[in-house]
There are 4 protein chains.
Amino acid sequence: MTETEHLCDIAVIGLGVMGRNLALNLNDRGYKVVAGDAFPDVVVSARAELEPTVTVVDTPIDVLKHLKAPRTMLVMIKAGDPVDALIETFRPHLQPGDILIDGGNSHYHDTERRQALLEADGVRFVGLGVSGGEEGARHGPALMAGGDPDAVAAVSAPLAAIAAKAGDGAPCFGTFGPGGAGHFVKMAHNGIEYLVMQALAECYLLLSGPAGLEREAMAETFRRWDETAASSYLLEITAVVVDEVDTDTGRPLVEMIKDSAHHKGTGRWTVEAGLQYGVAVPGIATAFLARALSSRRAPHAASLRRLPPAGDAALIADDL
Amino acid sequence: MTETEHLCDIAVIGLGVMGRNLALNLNDRGYKVVAGDAFPDVVVSARAELEPTVTVVDTPIDVLKHLKAPRTMLVMIKAGDPVDALIETFRPHLQPGDILIDGGNSHYHDTERRQALLEADGVRFVGLGVSGGEEGARHGPALMAGGDPDAVAAVSAPLAAIAAKAGDGAPCFGTFGPGGAGHFVKMAHNGIEYLVMQALAECYLLLSGPAGLEREAMAETFRRWDETAASSYLLEITAVVVDEVDTDTGRPLVEMIKDSAHHKGTGRWTVEAGLQYGVAVPGIATAFLARALSSRRAPHAASLRRLPPAGDAALIADDL
Amino acid sequence: MTETEHLCDIAVIGLGVMGRNLALNLNDRGYKVVAGDAFPDVVVSARAELEPTVTVVDTPIDVLKHLKAPRTMLVMIKAGDPVDALIETFRPHLQPGDILIDGGNSHYHDTERRQALLEADGVRFVGLGVSGGEEGARHGPALMAGGDPDAVAAVSAPLAAIAAKAGDGAPCFGTFGPGGAGHFVKMAHNGIEYLVMQALAECYLLLSGPAGLEREAMAETFRRWDETAASSYLLEITAVVVDEVDTDTGRPLVEMIKDSAHHKGTGRWTVEAGLQYGVAVPGIATAFLARALSSRRAPHAASLRRLPPAGDAALIADDL
Amino acid sequence: MTETEHLCDIAVIGLGVMGRNLALNLNDRGYKVVAGDAFPDVVVSARAELEPTVTVVDTPIDVLKHLKAPRTMLVMIKAGDPVDALIETFRPHLQPGDILIDGGNSHYHDTERRQALLEADGVRFVGLGVSGGEEGARHGPALMAGGDPDAVAAVSAPLAAIAAKAGDGAPCFGTFGPGGAGHFVKMAHNGIEYLVMQALAECYLLLSGPAGLEREAMAETFRRWDETAASSYLLEITAVVVDEVDTDTGRPLVEMIKDSAHHKGTGRWTVEAGLQYGVAVPGIATAFLARALSSRRAPHAASLRRLPPAGDAALIADDL
């Protein structure tokens with residue numbers, strides 16, 4: 001028995017719920033998995049959940065010695081600086097042919113920059129859009145890969161294996177050409193979610209205001225609509241959310257939630273891509289800017305006063 | 001055997017495909033149906049399809065003598081003037097307690113006006129939003145009723161019977177208070193469709209332009225997205241549509257379709273309702289106006305010329 | 001000396017500041033003016049200001065006996081129901097050929113309805129857009145007339161006389177065809193003001209937030225911009241407004257004003273006209289809906305709570 | 001007489017019309033100017049226009065030996081790569097204390113990057129927004145400076161001298177703190193122009209379509225509006241433009257101009273800044289995206305066909 005027989009097929013780095021579920025999914029499909037995380041407490045809890053099925057090592061860099069060549073690592077960590085930091089840590093230890101797959105919500109520009117950086121070392125970098133949430137990660141995500149065709153081909157087997165399967169059995173794994181195409185496609189995808197949420201918000205306002213629907217009628221209406229051509233996953237879960245009651249006050253839960261929306265970037269990036277390439281994206285821009293406006297609302301000081309009617313600035317226009 | 005035993009439970013007026021399917025749906029649920037249409041050729045073809053299950057009479061007004069009191073009529077004709085014309089024809093023949101249900105895409109303002117008009121005669125008028133298309137009409141539409149509570153209650157049994165059933169068996173039949181509430185809710189519902197279509201159009205442009213996706217990859221991407229939180233009925237059918245090939249040219253079908261969108265009113269009415277009631281509907285407004293812009297594009301005369309660079313009006317702003 | 005010699009050339013009905021100033025302007029141009037108002041206290045104060053130059057009568061209807069035939073009346077009262085009420089009061093007393101000019105901010109649809117109503121009596125109704133504010137009314141407004149060509153021609157002399165004069169001496173008095181064209185043009189004009197104000201608001205946010213400009217630098221910047229191609233009347237007065245200090249707090253006045261904008265209709269009507277005629281007006285729609293959103297902001301109850309991070313609805317989209 | 005007496009106070013690099021006019025403006029204010037350009041033919045024509053008042057040298061780098069220390073250079077060349085190229089050429093020859101002023105339409109991000117680069121050499125870099133066009137450059141531009149406070153102070157005298165003077169005699173020269181603040185402010189300024197132009201375009205459509213105004217009435221209306229609160233410089237010149245007649249066809253010139261608008265960047269940057277800093281700029285975004293949409297319109301192939309009515313995709317939504 002040689003040492004190679006003990007080596008793993010693939011590593012998962014970053015053991016939040018997405019990483020853990022993808023590790024288990026890979027294991028289910030017959031891939032031998034090693035996993036690591038930079039945070040000791042995450043390692044402890046991941047070990048409790050994953051071992052002995054998946055080998056959990058103490059630090060990310062430790063996965064390297066457990067992997068068959070070419071070493072393939074699926075990175076599931078927070079997008080942005082942490083990815084660059086991880087690359088800097090790994091670079092001195094990587095060999096030509098090794099493959100890093102970034103499965104986070106990275107900007108496609110960053111993906112292209114990182115590909116160029118690692119290409120100089122002969123290391124292959126694949127940008128992978130992962131969609132479907134925690135459940136998807138565990139039992140079948142939608143995967144969108146972009147990068148060097150050779151690298152994408154090299155990781156197609158495990159990615160196709162863990163992906164969701166369409167009605168005809170085809171894996172929900174798409175390859176979108178070189179560069180950051182996988183992350184670009186995943187990003188554009190989120191633009192749809194922004195607009196559907198904007199649509200639901202606007203309809204909520206129309207139904208609660210002018211139509212005067214109360215909580216139960218609102219929920220019922222959204223459930224009905226989900227049987228029509230307006231049907232969508234987000235409408236389905238919205239019907240559930242608007243039906244919730246705040247246990248403390250007995251009021252509808254949505255009235256108790258601060259109406260200030262945040263974002264993590266993909267919607268903004270989609271609009272920026274539209275601006276950069278001259279693609280008209282007025283709907284996604286409108287939805288993003290509505291969020292920006294909502295999150296800006298500073299609480300007004302108690303001293304904030306309304307000018308007397310004679311100075312009502314808001315009415316001036318119609319008098320001019 | 002009295003004459004009353006032969007009388008029908010409900011009439012369907014307007015025998016286009018929606019009306020015919022609703023008549024058959026009512027018949028399936030045990031309601032005895034009489035049906036009529038103002039157009040003789042429609043009567044002929046409806047008779048061939050519906051009789052003997054459904055009694056088809058020669059003109060709309062003829063349904064009256066076949067109905068039990070209070071006479072209940074479901075009107076499925078083109079929204080707008082035809083509904084007013086039909087009401088004018090029927091008014092002299094209606095009796096207090098009779099019920100007219102308008103199942104067309106009527107404006108909620110019109111519904112409220114007609115209710116007030118008929119109320120003076122003691123006739124009850126229900127505005128009914130019907131969603132689900134032809135298939136829904138035949139096997140289970142989503143129904144949204146508004147009007148006098150007593151009138152809505154009187155027609156709830158047949159409407160609940162023919163409506164689609166949710167997972168828990170509850171009928172997709174909602175009642176939304178007095179006036180035009182049913183048509184208002186149906187109208188707002190269409191606002192979602194406008195925004196989802198706008199989202200799909202914007203993503204199509206991002207994927208076909210900057211991301212360079214061809215027909216098959218585009219369709220594949222949309223199919224993948226339908227496995228994620230962006231999933232919607234319109235995304236599902238869009239994945240099918242973008243995969244179609246134009247048989248004459250071999251080009252993707254969507255490239256061969258004139259990019260000029262029309263509308264039949266509900267999207268515009270939704271924005272107008274937002275304007276009237278001061279509800280911010282920037283997303284639906286953006287989607288509607290994008291359609292307005294697309295349909296406006298006049299074909300430019302061949303003589304249309306571009307000014308020489310020195311007069312490039314479009315660039316002036318950045319020089320100022 | 002016959003009685004006719006004592007009769008007036010034109011009446012002004014409605015003696016708010018606009019009506020009083022137009023009456024004085026007409027008098028300056030050699031027209032003999034009679035004026036009335038429905039509110040006794042307004043009559044008292046108007047009498048003090050206008051007599052003996054202008055004859056002030058006790059009620060609107062009293063102007064009739066002071067006018068030469070055909071009797072011409074410029075109505076400067078609040079748009080909407082008051083105009084209809086005044087017409088109902090006057091109708092029994094008007095004679096064929098009499099002319100009513102509505103100089104208020106009426107909807108062009110209303111103007112066309114009123115024209116049709118009065119046409120049956122042979123009475124002529126002109127819809128007049130008046131722009132330029134109080135100063136303009138006194139020394140030269142911009143006037144936009146629409147209505148029956150014969151009626152518009154009959155009132156062109158006094159209207160051209162009181163209108164502002166362009167650089168070449170031509171009067172700022174335009175005639176825009178039949179129906180409500182004058183009010184339509186005035187309405188569209190206000191759309192510009194909505195968008196310029198939206199532009200100024202957006203720039204204010206960019207300069208006060210990211211660029212960190214304080215009150216004085218902001219005012220200085222706006223003054224500088226008014227020397228460029230971005231120059232406009234509204235920019236000019238905004239430069240003054242943003243420089244104001246709240247005397248109670250010493251803070252910039254604009255920070256003390258509730259950021260909730262109202263409107264009196266013309267902006268909304270402009271968007272509705274765009275929707276009705278299929279004209280793309282996304283900019284004016286955006287500006288109007290931004291106002292709608294600002295005025296909707298209900299003060300949140302003190303009990304309003306923010307969900308704990310785990311339930312941060314706003315971030316869900318980017319995780320999906 | 002020492003050599004220093006012959007040295008110049010300031011250099012202008014880039015002798016397009018803006019650079020030439022600023023050079024003459026500086027000379028008028030008592031500054032001794034040396035000027036250069038990278039293109040020999042530009043040097044020839046500039047020499048003909050500017051000498052002997054202004055010393056014109058053969059290449060940009062030649063200005064260095066004609067300048068007093070600290071050497072101050074106003075760069076008026078095309079924004080983007082040319083500025084970086086010029087900096088690379090100059091860097092080896094610059095000394096601590098030298099000052100480069102970039103008066104082009106540079107992105108404020110680029111300005112901040114260049115400041116950081118040159119700071120390492122002790123060279124000071126000022127980002128200067130210049131507004132007012134050719135006329136302004138010659139007789140008084142509006143100037144917006146940002147950069148190291150010491151550097152900005154060092155160039156305030158000549159910049160204040162050449163700037164336009166407000167009514168109270170104050171120079172239209174603003175300093176906006178460190179970094180790219182000057183270019184940021186100039187950029188935001190252009191957002192106003194985008195929105196005013198969008199407003200004018202939307203009003204043009206409302207007046208030419210629904211209101212049916214022809215060329216002369218349109219021009220007249222815009223001239224009238226310029227006497228009201230909607231007054232702006234862009235409205236004033238639009239009134240002139242819409243009155244022009246195409247000499248070949250006799251049609252209004254605006255109908256002959258291809259309705260496809262381009263841009264040079266500042267509008268896009270303004271929206272991007274809004275996205276980046278979370279500032280709601282829906283109006284400017286709408287205006288920019290309307291341009292993007294207009295410029296995208298590909299001429300449709302002659303073979304482009306409209307689907308038969310049965311397949312009218314555009315109408316599907318209202319039927320669902």
Side-chain angles (χ1 to χ4, degrees), chain C residues 131-133 136 140 142-144 164 166 172-174 176-177 181 184-185 188-196 198-203 205-207 209-213 217 220-221 223-225 227-235 270 273-274 276-277 279-284 286-287 290, chain D residues 131-133 136 140 142-144 164 166 172-174 176-177 181 184-185 188-196 198-203 205-207 209-213 217 220-221 223-225 227-235 270 273-274 276-277 279-284 286-287 290:
Chain C
S131 194
L143 300 174
M144 305 158 229
C172 288
F173 166 63
F176 297 98
F184 185 97
V185 169
H189 156 276
N190 284 28
I192 292 184
E193 296 171 1
Y194 268 74
L195 263 184
V196 174
Q198 180 70 19
L200 293 170
E202 296 184 8
C203 284
L205 292 176
L206 286 166
L207 295 185
L213 263 58
E220 184 74 359
T221 302
R223 281 193 293 268
R224 296 291 161 270
W225 287 2
E227 305 295 320
T228 76
S231 170
S232 71
Y233 171 72
L234 292 168
L235 175 58
T270 309
Q276 179 180 353
Y277 296 109
V279 174
V281 290
I284 304 174
T286 295
Chain D
S131 194
L143 300 174
M144 304 157 231
C172 288
F173 165 63
F176 297 96
F184 184 96
V185 170
H189 156 276
N190 285 28
I192 293 185
E193 296 171 2
Y194 269 74
L195 263 185
V196 175
Q198 180 70 20
L200 294 170
E202 296 184 9
C203 285
L205 292 177
L206 286 167
L207 295 185
L213 263 58
E220 184 73 1
T221 301
R223 280 193 294 267
R224 295 293 162 268
W225 287 2
E227 305 295 320
T228 76
S231 171
S232 71
Y233 172 72
L234 292 168
L235 175 58
T270 309
Q276 179 180 353
Y277 297 109
V279 174
V281 291
I284 304 175
T286 296

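Neither the backbone nor the side chain of C:Ala287 comes within contact range of chain D; no heavy atoms are under 4.5 Å apart. Heavy atoms of D:Ala199 lying under 4.5 Å from chain C belong to its backbone as well as its side chain. The contact between C:Leu206 and chain D is made by backbone and side chain atoms together, counting heavy-atom distances below 4.5 Å. Proximity to chain C (any heavy atom under 4.5 Å) is shown, for D:Ala230, by both the backbone and the side chain. In this structure, no portion of D:Ala181 lies under 4.5 Å from any heavy atom of chain C.
Taking CD1 of D:Ile284 as the reference point, atom CG of C:Leu195 lies at 10.5 Å (rounded to 0.5 Å).
When all heavy atoms of C:Ala188 and D:Trp225 are compared, the closest pair comes out as C-CH2, 3.9 Å. Across all their heavy atoms, D:Glu202 and C:Gly283 have their closest contact at OE2-N, 2.5 Å. The shortest heavy-atom contact between C:Phe176 and D:Ala217 is CE2-O, 4.4 Å. In terms of heavy atoms, C:Ala229 sits closest to D:Glu193 at CB-OE2, 3.6 Å. Contact between C:Thr228 and D:Tyr233 at its shortest, heavy atoms only, is O-CB, 4.4 Å.
D:Thr286 is linked by a side-chain contact (heavy atoms from CB on, under 4.5 Å) to C:Pro282, C:Thr286, counting only residues two or more places apart in sequence or in another chain. Shown here are the side-chain contact (heavy atoms from CB on, under 4.5 Å) partners of D:Ser232, two or more places apart in sequence or in another chain: C:Ser232, D:Val196, D:Leu234, D:Leu235.
For the pair C:Tyr277 and D:Leu205, the minimum side-chain heavy-atom distance is 4.5 Å or more.
Taking chain C as the reference chain and counting heavy-atom pairs below 4.5 Å, the highest number among D:Ala142, D:Cys203, D:Cys172 is found for D:Cys172. The greatest number of non-hydrogen atom pairs below 4.5 Å with chain C, out of D:Leu200, D:Thr221, D:Leu143, D:Thr270, is found for D:Thr221.
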